Each structure stands twice: as C-alpha cells, then as structure tokens.
Protein chains: 2
Amino acid sequence: MTVDREQVLRTAAALLTRRATATMDEVARSAGIGRATLHRHFAGRDALIKALEELGLKELETALDDARLDEGPADEALRRLIASVEPSAGLLAFLLTENQLFEGDVYDGWNRTDARISALFRRGQEEGVFRIDLSHAWLTDAFYGLISAGAWTVHDGRAAPKDFPYMIAELLLGGARRSVKQ
Amino acid sequence: MTVDREQVLRTAAALLTRRATATMDEVARSAGIGRATLHRHFAGRDALIKALEELGLKELETALDDARLDEGPADEALRRLIASVEPSAGLLAFLLTENQLFEGDVYDGWNRTDARISALFRRGQEEGVFRIDLSHAWLTDAFYGLISAGAWTVHDGRAAPKDFPYMIAELLLGGARRSVKQ
DNA sequence: CCCACATGAGACACCAATGTCTCATTCGAT
DNA sequence: ATCGAATGAGACATTGGTGTCTCATGTGGG
C-alpha cells in the first residue's frame, strides 16, 4: 500500500531522462500512482527535481567511493569510476542539462563531486599519467560531457550498454587518433 | 525601424542558451523589441525554436563546408571542423539538449550533418588515422558531446574562448593520457 | 511634407499545468 | 473481522505563459 519513495524516484528519473518536460501527472502514472499521492510525497515539481538531484548526487558519490580514486594509477582509477558510474549515467545526463538550464541556484552538493573528480585528474597529472596541457577543469567537464554523450548513445541504441565503459574510457584516455607506435 | 530577423535570432539564441525556459516576453525584451513584434515575426515559441534550429543547422553546415572535411588527413580535417564550429558551439549545445528533450519529432536536417561528420570519422578509420575499436557513431556522438561540454566550460569561465579549439581537438584526438613514447 | 507601415504597449481570452481539497475505497496491521 | 491510515479519482481555483487583438506612436520612403 505505502508508496516506495525510492521506486517512485527511479521511475521518475527514467521518464524525465527521456522527456524532461513530462507532466506531474505523467510522472505519477508512470510510477503507477495517483497524482495526489505523488504530491503527498513531493510537495511539488521543484521538490521532485530536488529529490532526483539528491538521488543522483548520492549515486555519484557512491560511485566515487566504490572507484577508490586515490588507489593505484590514476588512469585505472578513472576506468573504475566510469564503470561504477554507468548505472547512473542516464540520471546524471538529465541532471546535467537540468542544472545548465537553471543557472545560479544549482544544488551546491555537486561542488564536492566536482572536486573529487578534479582531484583525480590533478593527481594523474602530478604523477605523469595525464597530460598537463589540458586543465583538470576541462578534463572534469569533458568527463561529464562524455558520460552524458555515452548515456544518450546507449539510450538511442547506437551502442550496447556493455560497451559503455570501454568506449568512454578509451576515448577519454586515449582519444580517437590511432597510435602510430603501438 | 524594421526588425532584423537574424539579429533577433542571435539574441534569442544567446538568451535561450543560458536559460532554456526563458519566456517569449524575456526573449523579446532581450532583443529590444516588444512581445507583439516578436510574435509577428515568429508565429509562436515553436516557430522560434524551429528558426533557431534552422539557424544552428545552417551554421553547422557552413562550418562543415569551411572545414573541407574530405581534404588532407582526417585528423587535420577534424581540427579545422572544431575551429570553424567554435562560434556556433553555444547554439549547438542548446539545440542538442533541446533535441534530446523532445524525442521523436526532431528536425531531420541533422541527419545530413551527422552523416557528414560520421563520414569523416569513417574516412579516418579507413585511412588508418583513427582507431577502429571505437565506432564512428560513438565518435560522432562524442564529438557533439565535447563541443557542448567545451561550450559550457567557456561559458562558465573555466576556460578562455581562444583555448576552445585546442582543448577539444587535443582531447578528442589524443585523449587525457600522457603518451609514454613521445 | 505626408502617408503608409511597422512597432510598442497594453488588454484580453485561453490553455495547460499546478497545487489543494474532498470523499470513497482499499490495504494492512492488530 | 475491524479500524486506522494511505491511496485513487476527481473537482476546483490559481497561476504563468501564450496567442490575438486594438490603438496610438513614430519612423522612413516617396
């Protein structure tokens, strides 16, 4: 009987990721509950988005924890991160565009995750694993961008989900150019 | 007296890129015209978005032409493309998210540009310049993703506009990993 | 100089979505 | 079996944005 808040959030995430303009009613229906019930659990659309943001943030932080970013070579840590972030990629892609739209009052929890990812790139640069002519700020943004792009590529069926980690890690680490001496 | 349609479109693009939910009234104000006048030139919001889409498409096609994608090594052609697409990056980033939101009825003009970019990557693969373990579909999506990410990085002040071509081309071509044998 | 035409401002109806409320129903714990 | 709590359905007012219209203004071309 009682609504599973987590379940509702995941369903809403799946729908909103596909269509960000979905109605509260559509969100409710897709979760198999009534609109009134949805309102009982989330005060309004803003509250729903914020809850989604907290969910995505929590998932990203869990992925960051699981990846053990400060262990081993930085490039291997980055691979672990990409792999563990994969299940959340769709939600993160949605939240990324959502945040870009609402400039200013962005949930500042993202600063923490940004800092951790940025720190990984900085460590890699200091240890000579990552190139230093690309700022860690740009590498961080590119990381998010490729995660989003990969999420859409998989979502639209242009790549299989299982290829997600490989195609992102390889492009982000090695680039598109074929290495001549290899 | 007469409104410069092109000018209005560019102003609208600049505003909507920053805040996609901007009102028709805000769009009009930012262009320095009245809402009624805006409606006289663009039947409605949909028409405005569509006009923006056509503008972005036109600019991208111009950039594709200017880059002469079928001349010289594919990686150099890609560099030319990134450089010539830079002025349109913000608009393209906006249209990209806009299109992802409205699934289905996307302006099919993008298929042409997708095909041209994809063809560049395929040519590069056939000529041994680009690696073949990453599909040209993914490379194309990644190209768009990095263009968008770069546009936001520049927009938010985390990189200078002049660095745009370098940081994107270098990451897309060479990746983040520091080449050991170099 | 004058007239035609585009514009700006504002009024207006309309619509879609939101948020709130009520009430009957149903589920689940006791 | 019973009672309380949560739900679903629907009604309702409200709101913000949209699209249309009118009218006064002013500018530019002839």
Side-chain angles (χ1 to χ4, degrees), chain A residues 1-56 91 94-95 97-107, chain B residues 1-56 91 94-95 97-107:
Chain A
M1 188 183 192
T2 302
V3 162
D4 180 358
R5 180 186 166 98
E6 184 90 0
Q7 173 57 26
V8 171
L9 274 182
R10 299 204 174 275
T11 312
L15 174 60
L16 289 173
T17 296
R18 279 182 292 126
R19 206 154 43 86
T21 58
T23 294
M24 287 294 274
D25 188 67
E26 293 175 297
V27 172
R29 299 292 163 164
S30 77
I33 64 176
R35 195 166 66 93
T37 305
L38 181 62
H39 270 288
R40 284 188 192 101
H41 287 266
F42 304 97
R45 190 184 184 79
D46 292 350
L48 178 64
I49 299 291
K50 182 162 186 179
L52 277 177
E53 210 163 359
E54 284 165 7
L55 176 64
L91 176 57
F94 164 68
L95 293 174
T97 67
E98 197 74 7
N99 281 346
Q100 288 172 342
L101 306 191
F102 300 115
E103 60 166 314
D105 55 320
V106 189
Y107 200 61
Chain B
M1 187 183 192
T2 301
V3 161
D4 179 359
R5 179 187 165 99
E6 185 89 1
Q7 174 58 27
V8 172
L9 273 182
R10 299 204 174 275
T11 313
L15 173 60
L16 288 174
T17 296
R18 279 182 292 124
R19 207 153 43 85
T21 58
T23 296
M24 288 294 275
D25 187 68
E26 292 174 298
V27 172
R29 300 293 162 164
S30 77
I33 64 176
R35 195 166 67 93
T37 305
L38 182 61
H39 267 93
R40 284 190 193 100
H41 287 267
F42 305 96
R45 190 183 184 77
D46 292 350
L48 177 65
I49 300 291
K50 183 163 185 177
L52 276 177
E53 211 162 358
E54 284 166 6
L55 175 64
L91 177 57
F94 163 70
L95 294 174
T97 68
E98 197 75 8
N99 281 346
Q100 286 172 341
L101 305 191
F102 301 113
E103 58 165 316
D105 54 320
V106 188
Y107 200 59

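Reminder, nothing fancy here: chain letters follow the sequence lines and each chain counts from 1. Only a predicted model underlies this, so the values are computations on that prediction, with no experimental measurement involved.
Among the nucleotides D:dC21, C:dT7, D:dG8, the one closest to the side chain of A:Ile33 is D:dG8.
Put simply, CD on A:Glu26 and CZ on A:Arg35 are 11.5 Å apart, with the number rounded to the nearest 0.5 Å. Remark: B:Phe94 CZ to B:Arg19 CZ distance equals 12.0 Å, nearest 0.5 Å. Here the CG-CG distance, from B:Leu91 to B:Leu16, works out to 9.5 Å after rounding to the nearest 0.5 Å.
If you measure from atom CD of B:Gln7 to atom C1' of C:dT7, you get 17 Å, rounded to the nearest angstrom. Atom-to-atom, CG of A:Leu48 to P of C:dT18 comes out at 10 Å; the value is rounded to the nearest Å. In this entry the distance linking CZ of A:Arg40 with P of D:dA9 reads 12 Å, nearest Å. Summarising the geometry, the separation between CG on A:Asp4 and P on C:dC27 is reported as 18 Å, rounded to the nearest angstrom. Across the protein-nucleic acid pair, B:Leu38 atom CG and C:dA9 atom P stand 13 Å apart, rounded to whole Å.
The two residues B:Thr11 and B:Ser30 make their nearest non-hydrogen contact at CG2-O, 3.1 Å.
Note on B:Thr2: every side-chain N or O is 4.0 Å or more away from OP1 and OP2 of C:dA6.
Within 3.5 Å, no donor on the side chain of A:Arg29 pairs with an acceptor on the base of D:dG8, nor the reverse.
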- Query: Which letters describe nucleotides 11-19 of chain D, given B = protein heavy atom under 4.0 Å from base, S = only from sugar-phosphate, - = neither?
  - Reply: B-----SBB
- Show the numbers, then the answer: is there a salt bridge (Lys or Arg N to Asp or Glu O under 4.0 Å) between A:Lys50 and A:Asp46? CA-CA 6 Å; A:Lys50 182 162 186 179; A:Asp46 292 350; over 6 Å; no
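Residues B:Val3 and B:His41 are in side-chain contact: their nearest non-hydrogen atoms beyond the backbone lie under 4.5 Å apart.
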